[in-house]
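Just so it is clear: chains get the letters A, B, ... in the order the sequence lines come, proteins before strands, and each one is counted from 1. Just so it is clear, the structure is predicted and the values come from calculations on it, not from any experiment.
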Amino acid sequence: MLRDFFIPSVFDRPPTRLQRHAGYGQSGLAYETAQLAPSWLAPALAKLRQPACGFRSGSKAWQARAITAWCKVAAEWKTLRFPGAKKFLVALSATTGLSEKMLREALHNHFGVFDETRLQKWVSRTKHRRDKHAADKVNYPELVFLIAAGNLPGVAVHPAIHLSLLGIPAVVKNASTEPLLLPAVLETLARHDLEVAARLMALTWPRAQADLTQTIMAHHPALAAFGDDDTIESFSRQKKRLVDFGDRFSLTLALPGVAQSQIRKIAYDLCMFEQMGCLSPQAIFLFTDDWKEADAFCRRLAPALQRMNVTLPLRRRAPAQHAMIQQWRGALMARAAAGEKVILLTGKGTDWTIAAATYFDLDERVAYRFARVWPVASIRAFAEIFQRCQNHAHVLIWGGSLNELQEFWNAPELDQKFDRVRFAQTGKAQIPNCGWLEDVNPAWRRLMCGLRLQKNI
Amino acid sequence: MASSISEKILRFIQTVDMAEFDDGVYNKLALELFAQQFGRNAVYRGLCLQQNLAPDLIADWRDIPAVTTSAFKEVPLTCFPVAAAIAVFHTSGTTQKRSGKHYFRTLDLYRAAMLRSFAEFCLAPYKKMRLLFLGPTAECFPNSSLGYMFSELRDEFGDEHSASFFSPAGIDTAALQNALENANRENAPVFILGTALALLEGMEIFQRQNRTVKLPGGSRILDTGGYKGRQVEITREEFQHRLGATFGVPREYLLNEYGMTELSSQFYESAIPENAFAMRHAPRALRSAHFAPSWVRVAAVDPETLAVLPNGEIGLLRIFDLANVDSVMAIQTEDLGRAWQDRLELLGRASGAELRGCSLLTEMIAQNT
């Protein structure tokens, strides 16, 4: 049975009912939803809340147990070999609007990074960091309230695993747009280790039900919000212990003569998750001042994007998505008509778009396989652009060799501070390693290390 | 001396029988206007040529090339030098940071179009009413097309008690309450006009204070804009129910305006019994339709291919507004709906809100905590 909640079996279960998700359309699928009320939630939270394992005495046994359990979960999810996997994939496709083939690939990528060695390494590194900053040590929170974003499936899985490895009790509020994945993953976890799973709870409720949010806040949790800037600001006004993960995006950097194999990877990064995530590139910076080279690059990218219709096929686009694509194209056509240098290549209908121009407003996001190719004459020119968006751009995807990356990194023009930026190779941008969240979010890093949140490491 | 296309359209707006549907006259004016805009608006001409389209290839208003609303954010779309503009209206830019700009060489057509359609669709049988505004006025919001519209309506159709209760500081509910009580005492019908968000806010304040009023017969309320951006969104049905309950106005006197900065004309959802046009043209099932004035046409286009769809099919709305004389008459919106040439059914507005990295669809619960 599909559910939008995971409540460990040691808790009483609230009444449930069947719910039809808007995204299911005519498919006839429905899922079980919990009818939550403060009268149920308050005692459940009181029971869930408890001292975290962290790195206190006996924690090694917990960590070993949690790692074993999560490795089993990852192995099942990586290959979609768990009971009801096929039905689940159909449902996830309906709620996310992503094709089943893309989801299969995404889940393989997502869970493929969790193995015993990596998880063990993550724990060791976290302990090392905690010890290194002994003066900032605080007790781990007894309860974390994690608010998940809903535009991509599985964004709460990484943080949930981190919390679980440290034995920090957590309640996750699922986004109502995609409420199914985390509960299903936690069901798998419970099948392998009830006790490990008993420290995590995933619930879904509509935003109008403020009494539930208030009930959680009354238990003084550490708050981790994956939200837009307004949400974060609103929370930060009232809550000091806040780990925020607001509006972020990624950028691809490439040289015009980049190999075709790299171009295919650039297309892959762009198409995975229909370019809707924070790891999706919002622009491809092409290091050239020669417009002909830009044109040639776009023409090489076009067949690679076309191929992605097979590798990462589209699900049917919603009319609103078509509308946005048409508006983005229309804006560029107007700029071209006004005499600006613009290249616009399009696939069939709204399948994909490539636009090259001498300027893009990165505050205006695009998605749905819309490649914005931005030629820049020099590293200095890129650095100037990057400086303006560095609060939001958190991953730079390098479309070249590692030697070239080294050269780029050492360029004297790069006097920016890249402390919140992660580098990824093309084709790997959407496959974050198990500690990527800490690389790009110092506040999350401090929460995981059990350090005071006010300062960055 | 032959009159200019602007003069012809102005005369058409002022004199056309709104109850009649004459596509022949409309088509002739539309093609003539297209030819002028192709000749005088260089950016638009460029856009047409990108599609290999020119006036001699177009015989039907539906085929006139449209410009996306997003284009207004990128470049000035004018048939005259921008420096000669006497007014510029800015889009509100709810989800995007830059706003679009619509430049005007004259507001004569805008004003004529707005007054004529409001009088026909909303005001009948009155010539003047007590207009109470819960929305921008030109004095406080000089770059708002809605602000201009509200101020002009007040000056043209408002009686001496008409007033605005909306400013950058918020809504003056005490003064509004006072005005409503006075109207009740005098048994004078009032017309409340506002943005949906301001009306909601006003209603919530009234409800917190346990206030309701029963406005005199003939009173009406017009709302415009959506409710996006609120923490708790409500359906249109619920909104109208609450409006009716708070102000004691029957359902048929609750009107809605659909417009946008990129246009010079407005559509109205109006089922008031005195609106003969609506009653004659709309079967009962279409009471939720928004009606276009005679100088405006609307078509739905396939969202993927932008091909014009048959009447009644769902698509993106494309609007052809003759009053947009000095910019571009054919506007491609991002709004979803059905269209029947002179009326439309609005089904939703596309939102860029989901495009904020991992953040955008996170539940907006912050204010509830």
Please flag which part of B:Leu316 lies under 4.5 Å from any non-hydrogen atom of chain A: side chain, backbone, both or neither. side chain

Does A:Asp351 pair with A:Arg369 as a salt bridge, N-O distance under 4.0 Å? no

How far apart are the closest heavy atoms of B:Lys73 and A:Glu364, and which atoms are they? NZ-OE2, 3.8 Å

Between A:His158 and A:His110, ring centroids under 6.0 Å: yes

Between A:Thr350 and chain B, which part of the residue has a heavy atom less than 4.5 Å away: side chain, backbone, both or neither? both

Against A:Gln282, only a single residue in A:Arg248, A:Arg372, A:His392 fulfils side-chain hydrogen bond (donor to acceptor under 3.5 Å, both in side chains); can you say which? A:Arg372

A:Ala336 versus chain B, the contacting section by heavy-atom distance below 4.5 Å: both

If you tally heavy-atom pairs under 4.5 Å between each of A:Gly339, A:Gly330, A:Ala331 and chain B, the highest tally belongs to A:Ala331

